[in-house]
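We count ligands from 1, going down the list as the structure has it; atoms in each ligand are counted the same way.
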Amino acid sequence: MSLAQFYIYSPLDFQKYVMNSHFSRQITVIQNHHTWSPGYRDVTPNNGEMYWLEAMRNFHIKDRGWSDIGQNITTFPSGNIGLCRPIDITPAGIFGANHGAICIENLGNFDTRGDYMTPSHRASIVFLNALFCIKFSLELNKEQIVYHHWFNRTGKRFSDDKINNNQVGDEQKTCPGTAFFGTNTITSAEANFYPLIQNKITELKGQVQPSTLIKKVKADVLNVRGGPGLNFPVLHTLTNGTEVTIYTVFNGWSKISSTADEWVFSTLLS
Ligand SMILES: [Zn+2]
């Protein structure tokens, strides 16, 4: 397969790109990372943003043995947004936890005493998380907006206590950094990062429409229930081959109405 075509966008142009694109992959989680190296001082007039995308790709292919650059997105100190591995392709971001993920690599070292994040960069990172929350109907919580640091090296999550009490130690990198919007704990994300994303979501709502997926019923009779679980009442049924539009996915259930609570069991769709 050919390698990804890189594009570097301003936030506004990236918004237009996302709004005008249809993605076929079901996205359920946004990963936030920092590159640590390269850091801010490495981005120079001679070795600019495109240079670093190519350099990271070379590193990922030659040193990591991956098929292409690992991340879907790279953000830069300028606030620019680099589209890397296509959004419809699963990233290599958090080993064992990449299914359904978009991987955002924020260029810089956001550990304490590392790079001081520029205001444009901050705004861009918040904007991207908000944009993807709307586009992919994600909830702003610790399951769907995540930090690399919260997963062990097999992709299993550490307990909230372990993360919040800074007991991860050498079991995982500090990524996206011990000074990333406060620090890299869940408590900090909830107190410092998510509220900024929430404000941006409020601002962007109306400008960005959620992405939907069209699927077909692959059961003779499919129950449509009033919620995402077998305990919810059956409202009506659908027959084999009926096309449905999916707005949200939760715990193996798909919501097939933008307004009403109408849910079907996801594995009975194709
Ligand atoms: Zn990372």
Item checked: the Zn ion (ligand 1) contact by H33, N, O or S atom under 2.8 Å -> yes
Notebook entry, point to check: From H149, does some N, O or S atom reach closer than 2.8 Å to the Zn ion (ligand 1)?
Noted result: no
Next item on the list: Tell me whether the centres of the aromatic rings in F193 and F180 are closer together than 6.0 Å.
Entry: yes
Check: Are the ring centres of F110 and H121 closer than 6.0 Å?
Finding: yes
Checklist line | Beyond-backbone contact of R122 with L196, side-chain heavy atoms, under 4.5 angstrom | finding: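 The answer is yes, as the side chains (C-beta and beyond) meet within the 4.5 Å cut-off.
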Check: What N/O/S atom of H148 is the closest to the Zn ion (ligand 1)?
Finding: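 Of all N, O or S atoms in H148, the Zn ion (ligand 1) lies closest to ND1.
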Checklist line | Ring-face cation contact, F136 with R25, 6.0 Å cut, 45° max | finding: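 Here R25 fails the 6.0 Å and 45° test against F136.
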